Trainee: 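Take a look at the following structure, please.
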There are 2 protein chains.
Amino acid sequence: MNNPPRISEAESEVMKLLWQKEPLSANEIIEQLKQQMDWSDQTIKTFLNRLLKKEAIRFEKAGRNYLYYPLVSHDEYLKSENKTFLNRVYNGAVGLMCAKFLEEEKLSDADIEQLQQLLEKMKKDEPGV
Amino acid sequence: MNNPPRISEAESEVMKLLWQKEPLSANEIIEQLKQQMDWSDQTIKTFLNRLLKKEAIRFEKAGRNYLYYPLVSHDEYLKSENKTFLNRVYNGAVGLMCAKFLEEEKLSDADIEQLQQLLEKMKKDEPGV
DNA sequence: CACTTTCGTTTACGCGCGTAAACGTTAATT
DNA sequence: AATTAACGTTTACGCGCGTAAACGAAAGTG
């Protein structure tokens, strides 16, 4: 329930892999990111270590290698990033923020439908807050 | 049309003032932020200078004092922050992002109405994209 | 005019981050 | 067993940022 540690942009690329599949060995992570991000092995190792130090991930020994697991869940991360962003840029005005995004970004019809349903539900579920 | 310079969180507090009212003298800015943010005069002066160097603001001399004007518009700023955030945290998935925000944050009825109308309009305006 | 206050400019410093080299230890190979 | 390869740990370095002190010039005050 503590606030999750701050995860930097580069570090978040490591986390993204672990959120997709857990655990992963250092090598699996390095091979992926080496390509996707064009980082050197050493750079990626640094991120792993920093994430360990921050307690954003943990490892278990598997023979000579380590297997890494996320300690911070994707959901916690999103929640905390959302909050920070919303306050930093929009002073907490969610409505304004969503509106801004909607006018800037292209949404698929499916997205629109989904959001409409969400809004409809919110209207009903919370008549008086 | 160039990408706006990166404006840090602290610096953005200065910008927020200038977006509300322009121009402002150093003193007006300092007096405001000194209180709101509990910063020292010197700290705020640093931000003004960094923003000048980044060409996020400019000044005109008014006698012994400077009057500051934004060079980066609020809209440019929002656009660029939105984009960065969306890509960094959601890999560009707007629909997902909005949904996440909607489930986390409380929206006023007015906000909900407004978003619904926006969505409705998007549906009509862009039948085939 | 000398002194103090005001206001802008320059310099400083620790920390996180992006980036990676260097190092040490353990395991594999000859 | 000695050498090399693999893998994790430690150290490094420049840059932006939060934070502010120090400095210099100009203007107001006695």
Side-chain angles (χ1 to χ4, degrees), chain A residues 3-16 18 23-69 72 77 80-81 84 87-89, chain B residues 3-16 18 23-69 72 77 80-81 84 87-89:
Chain A
N3 276 8
R6 170 81 195 142
I7 293 168
S8 83
E9 169 153 16
E11 287 159 6
S12 82
E13 294 299 328
V14 176
M15 295 305 290
K16 281 177 191 170
L18 287 172
L24 292 174
S25 70
N27 250 324
E28 291 173 301
I29 294 174
I30 287 173
E31 284 315 310
Q32 278 278 324
L33 293 181
K34 214 178 157 78
Q35 306 217 318
Q36 280 173 32
M37 299 289 124
D38 192 40
W39 287 335
S40 92
D41 299 33
Q42 289 313 327
T43 299
I44 301 166
K45 289 183 191 177
T46 300
F47 297 149
L48 283 171
N49 271 314
R50 288 188 180 158
L51 287 168
L52 282 173
K53 192 157 294 170
K54 291 181 184 186
E55 301 190 287
I57 63 179
R58 68 186 178 81
F59 66 88
E60 277 174 17
K61 298 208 176 191
R64 54 205 170 308
N65 291 351
Y66 285 9
L67 291 179
Y68 293 93
Y69 298 78
V72 172
Y77 171 74
S80 131
E81 289 296 320
T84 306
N87 287 322
R88 183 167 71 76
V89 180
Chain B
N3 275 11
R6 169 81 195 146
I7 293 169
S8 83
E9 169 155 17
E11 287 159 5
S12 81
E13 293 300 328
V14 175
M15 295 305 289
K16 282 177 191 171
L18 286 172
L24 290 174
S25 70
N27 250 325
E28 291 173 301
I29 294 174
I30 288 173
E31 283 316 310
Q32 278 277 325
L33 294 181
K34 212 177 158 83
Q35 306 217 318
Q36 280 173 31
M37 299 289 123
D38 192 39
W39 287 336
S40 91
D41 299 33
Q42 288 312 328
T43 299
I44 301 165
K45 287 183 193 177
T46 300
F47 297 148
L48 282 171
N49 271 314
R50 288 188 181 159
L51 287 168
L52 281 173
K53 193 158 295 170
K54 291 180 185 185
E55 300 191 290
I57 63 178
R58 68 185 178 83
F59 67 88
E60 277 174 16
K61 297 210 177 194
R64 56 209 169 308
N65 292 350
Y66 285 9
L67 292 179
Y68 293 93
Y69 298 78
V72 172
Y77 171 75
S80 131
E81 290 296 319
T84 306
N87 287 322
R88 183 166 71 76
V89 180

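What you see is a predicted model; the values in this text were computed from it and never measured. The chains referred to below are lettered A, B, ... by the order of the sequence lines, with proteins before strands, and numbering in each begins at 1.
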Trainee: I'd like to know if A:R6 and A:E81 make a salt bridge, using a cut-off of under 4.0 Å between side-chain N and carboxylate O.
Mentor: yes

Trainee: Rounded to whole Å, please give me the gap between CD in A:E28 and P in D:dC7.
Mentor: 12 Å

Trainee: To the side chain of B:A26, which of D:dT19, C:dG8, C:dC17 is closest?
Mentor: C:dG8

Trainee: Reckon B:R50 touches a base, only the sugar-phosphate, or nothing at all at heavy-atom distances under 4.0 Å?
Mentor: base

Trainee: Report the nucleotide, chosen from D:dT9, C:dC7, D:dA20, that has the shortest atom-to-atom distance to any side-chain atom of B:N65.
Mentor: C:dC7

Trainee: Tell me whether the rings of A:F59 and A:Y66 are parallel (<30°), tilted (30 to 60°) or perpendicular (>60°).
Mentor: parallel

Trainee: What I want to find out is whether A:E13 reaches A:K16 closely enough, with some N-O distance under 4.0 Å, to be called a salt bridge.
Mentor: yes

Trainee: What's the CG-P distance between A:L51 and D:dT9, to the nearest Å?
Mentor: 13 Å

Trainee: Could you tell me whether the phosphate oxygens of C:dG18, OP1 or OP2, come under 4.0 Å of any side-chain nitrogen or oxygen in A:T46?
Mentor: no

Trainee: Rounding to an integer number of Å, can you tell me how far B:R88 CZ sits from C:dC17 C1'?
Mentor: 13 Å

Trainee: Contact class for A:K54 (heavy atom, under 4.0 Å): base, sugar-phosphate, or nothing?
Mentor: sugar-phosphate

Trainee: Need one value for B:K53: base, sugar-phosphate or nothing, where a base atom within 4.0 Å counts as base even if backbone is also close, heavy atoms only.
Mentor: nothing

Trainee: Examine D:dG18: is either OP1 or OP2 under 4.0 Å from a nitrogen or oxygen in the side chain of B:W39? Give yes or no.
Mentor: no

Trainee: First locate atom NZ of A:K45, then atom CD1 of A:I29, and finally report the distance between them rounded to the nearest 0.5 Å.
Mentor: 12.5 Å

Trainee: Heavy-atom count around B:Q36 CD within 6.0 Å, excluding the residue itself: above 12?
Mentor: yes

Trainee: Starting the side chain at C-beta, find the nucleotide from D:dA20, C:dG8, C:dG18 nearest to A:A10.
Mentor: C:dG18

Trainee: Just the rounded figure in Å: distance from P of D:dA20 to NZ of B:K34.
Mentor: 11 Å

Trainee: For C:dT6, does OP1 or OP2 lie under 4.0 Å from any side-chain N or O of B:K45?
Mentor: no

Trainee: Is B:Y66 near enough to D:dA26 that one of its side-chain N or O atoms lies under 4.0 angstrom from OP1 or OP2?
Mentor: no

Trainee: Consider the side chain of A:R64, meaning its heavy atoms from C-beta on, and name the nucleotide among C:dA28, C:dG18, D:dT10 that approaches it most closely.
Mentor: C:dA28

Trainee: Can you figure out which of C:dA20, D:dC7, D:dA22 approaches the side chain of B:Q42 most closely?
Mentor: D:dA22

Trainee: Assign each of A:I7 and A:S40 to its nearest nucleotide of DNA chain C by heavy atoms, then name whichever residue's nucleotide is nearer the 5' end.
Mentor: A:I7

Trainee: May I ask you to evaluate whether A:T43 reaches the phosphate of C:dA20, defined as a side-chain N or O under 4.0 Å from OP1 or OP2?
Mentor: yes

Trainee: Under 4.0 Å between any heavy atoms, over every strand shown, what does A:D41 touch: base, sugar-phosphate, or nothing? Just pick one.
Mentor: nothing

Trainee: Using heavy-atom distances to pick each residue's nearest nucleotide on DNA chain C, tell me which of A:S8 and B:L52 is more 5'.
Mentor: B:L52

Trainee: Looking only at side-chain N and O atoms, does B:N27 come under 4.0 Å of OP1 or OP2 in C:dC7?
Mentor: yes

